[in-house]
Amino acid sequence: MEPSEAPTGSGLFRYAAREREWEPAAPTDPDTAEAVKRHIQRHFGEIAFVWHEFISDLVHIDVHVVEPSPERPYYTLVTSGMSDLPMTVPEGVGPYAELLICLPPDWPLSADALNDEKAYWPVRLLKTVARLPHEYDTWIGVWHSVPNGDPAEPYAEGTPFAGVLVAPMVDHPEEAHTVITAEGKQISLLALVPLHPAEIDLKVTEGTGALLDAFDRITVNEVFDPARPSSA
């Protein structure tokens, strides 16, 4: 990964006690939902199925699943609904985003398998990060990172990953990075890269550039490798 405008230590979000009460989700924007669907089909393949939320807080987050193919031998999971509300962004930053993670072709994604947190945690991660900026009146952008608690703890039993980096896709063309609706609304499509605890510490202590340099030594991209060793 190449550090593009990556300030040292940029964007570390730690969960705090939520002060706001549960709020019904904002109405789904049909124009945005259709644009996300078209974008997925154009750049990643046919949508095999969608996990719909039945009860949603603040925003209604669905997860679209594209199955592995010869061209893309991995599952592609993309959110829809995060961009129904604008994030609270600084001047010059686009207020809309959706998230993506790619999982190995043997990752268990049946309804029964997802009852086990060891299989479900990447899906939970997508939903948690998608809802985070709306919960805390903040924003999520490239090179932001979110540890899983303080101190960071593994997402599930049997996995060492305990945080996530928000990153640009590196294995997809530039036109796949932005969803544009029929009304011209621009939505950044950002990848989630799970992190080892030592990688979280490296980013905090030495900055984003140091973490990306470490990634280059072992080649890290948006396709999640559950057996990936720590780069730090």
Side-chain angles (χ1 to χ4, degrees), residues 4-5 11 23-72 74-103 109 122-144 146 164 166-193 221-223:
S4 173
E5 299 182 3
E23 298 178 28
T28 298
D29 178 1
D31 179 50
T32 298
E34 182 59 29
V36 171
K37 179 181 176 181
R38 289 196 309 267
H39 190 86
I40 294 170
Q41 292 174 327
R42 177 182 177 188
H43 295 287
F44 308 113
E46 290 298 316
I47 298 168
F49 54 93
V50 181
W51 286 304
H52 295 280
E53 285 190 333
F54 294 103
I55 300 177
S56 300
D57 181 23
L58 297 170
V59 284
H60 178 94
I61 306 296
D62 290 333
V63 177
H64 302 258
V65 180
V66 177
E67 294 181 331
S69 67
E71 296 79 20
R72 297 178 179 84
Y74 42 78
Y75 285 102
T76 303
L77 280 60
V78 183
T79 65
S80 176
M82 180 182 177
S83 58
D84 283 339
L85 291 177
M87 298 182 289
T88 304
V89 297
E91 185 176 355
V93 175
Y96 299 105
E98 297 289 351
L99 305 174
L100 168 149
I101 193 169
C102 299
L103 299 177
L109 288 179
V123 181
R124 184 184 300 280
L125 180 62
L126 283 169
K127 290 173 173 283
T128 298
V129 178
R131 195 166 273 115
L132 185 150
H134 305 302
E135 287 185 299
Y136 297 101
D137 295 322
T138 185
W139 63 292
I140 290 293
V142 170
W143 311 132
H144 287 174
V146 184
V164 68
V166 182
M169 293 181 286
V170 296
D171 279 359
H172 293 85
E174 188 66 29
E175 56 267 26
H177 293 206
T178 306
V179 179
I180 302 177
T181 73
E183 296 181 355
K185 176 178 169 182
Q186 296 193 23
I187 304 165
S188 297
L189 183 54
L190 305 171
L192 295 187
V193 179
N221 56 30
E222 59 265 29
V223 182

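Because the structure is predicted, anything quoted here is derived from the model rather than measured.
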**Message:** Under the criterion side-chain contact (heavy atoms from CB on, under 4.5 Å), I'd like the reasoning laid out for I101 against L99: C-alpha separation, chi angles, the key distance, then a yes or no.
**Reply:** CA-CA 7 Å; I101 193 169; L99 305 174; over 6 Å; no
Pairs of donor and acceptor atoms involving the side chains of residues 178-193, under 3.5 Å and at least two apart or interchain, shall be tabulated with distances.
residue, atom, partner, partner atom, Å
T181, OG1, D31, OD2, 3.2
T181, OG1, E183, N, 3.3
T181, OG1, G184, N, 3.4
T181, OG1, K185, N, 3.0
K185, NZ, T32, OG1, 3.0
K185, NZ, S83, O, 2.8

Considering all heavy atoms of both residues, which atom of [X] and which atom of [Y] are nearest to each other, and what is their separation?
| X | Y | result |
| --- | --- | --- |
| I61 | A130 | CD1-CB, 3.8 Å |
| A33 | S80 | CA-OG, 4.2 Å |
| D57 | E135 | OD2-OE2, 4.5 Å |
| V65 | Y75 | CG1-CD2, 3.9 Å |
| M169 | L100 | SD-CD1, 3.9 Å |

Pairing residues for [X] by the ring-ring contact (aromatic ring centres under 6.0 Å, His included) criterion, not counting sequence neighbours:
| X | value |
| --- | --- |
| H177 | none |
| H60 | none |
| Y96 | none |

Between [Y] and [X], is there a side-chain heavy-atom distance shorter than 4.5 Å?
| X | Y | value |
| --- | --- | --- |
| L103 | L77 | yes |
| T138 | M87 | no |
| Y74 | P68 | no |

**Prompt:** Among all residues two or more places apart in sequence or in another chain, which pass the side chain to side chain contact (heavy atoms under 4.5 Å, CB included) test with V50?
**Reply:**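 Counting only residues at least two positions away or on another chain, V50 forms a side chain to side chain contact (heavy atoms under 4.5 Å, CB included) with I47, H52, D62, H64.
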**Prompt:** Does P90 have any side chain to side chain contact (heavy atoms under 4.5 Å, CB included) partners at least two apart in sequence or in another chain, and if so, which?
**Reply:** V93, W139
**Prompt:** With sequence neighbours left out, which residue pairs that include part of residues 38-51 fulfil the side-chain hydrogen bond (donor to acceptor under 3.5 Å, both in side chains) condition?
**Reply:**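 Qualifying pairs, neighbours excluded: none.
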**Asked** Residues in side-chain hydrogen bond (donor to acceptor under 3.5 Å, both in side chains) with T28, at least two apart?
**Response**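 Checked T28 against side-chain hydrogen bond (donor to acceptor under 3.5 Å, both in side chains); zero matches.
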**Positive for side chain to side chain contact (heavy atoms under 4.5 Å, CB included) with H134, one of L85, I140, T88** = L85
**Request:** Identify, with sequence neighbours excluded, every residue that meets salt bridge (charged side-chain N to carboxylate O under 4.0 Å, His left out) alongside E53.
**Result:**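 Testing E53 for salt bridge (charged side-chain N to carboxylate O under 4.0 Å, His left out), a comparison that skips the adjacent residues, returns K127, R131.
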**Request:** Not counting sequence neighbours, which residues clear salt bridge (charged side-chain N to carboxylate O under 4.0 Å, His left out) with D84? List them please.
**Result:**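 With sequence neighbours excluded, D84 shows a salt bridge (charged side-chain N to carboxylate O under 4.0 Å, His left out) to no residue whatsoever.
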**Request:** Would you sort out whether V164 and V129 count as a side-chain contact (heavy atoms from CB on, under 4.5 Å), showing the intermediate values?
**Result:** CA-CA 9 Å; V164 68; V129 178; 4.1 Å; yes
**Request:** Before giving the answer on side-chain contact (heavy atoms from CB on, under 4.5 Å), spell out for V78 and V63 the whole-Å C-alpha distance, their side-chain angles and the decisive distance to 0.1 Å.
**Result:** CA-CA 6 Å; V78 183; V63 177; over 6 Å; no
**Request:** Give a yes or no answer on whether the side chain of E222 reaches the backbone of C102 with a donor-acceptor pair at less than 3.5 Å.
**Result:**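 No, the answer is negative, given that no donor and acceptor are paired below the 3.5 Å cut-off.
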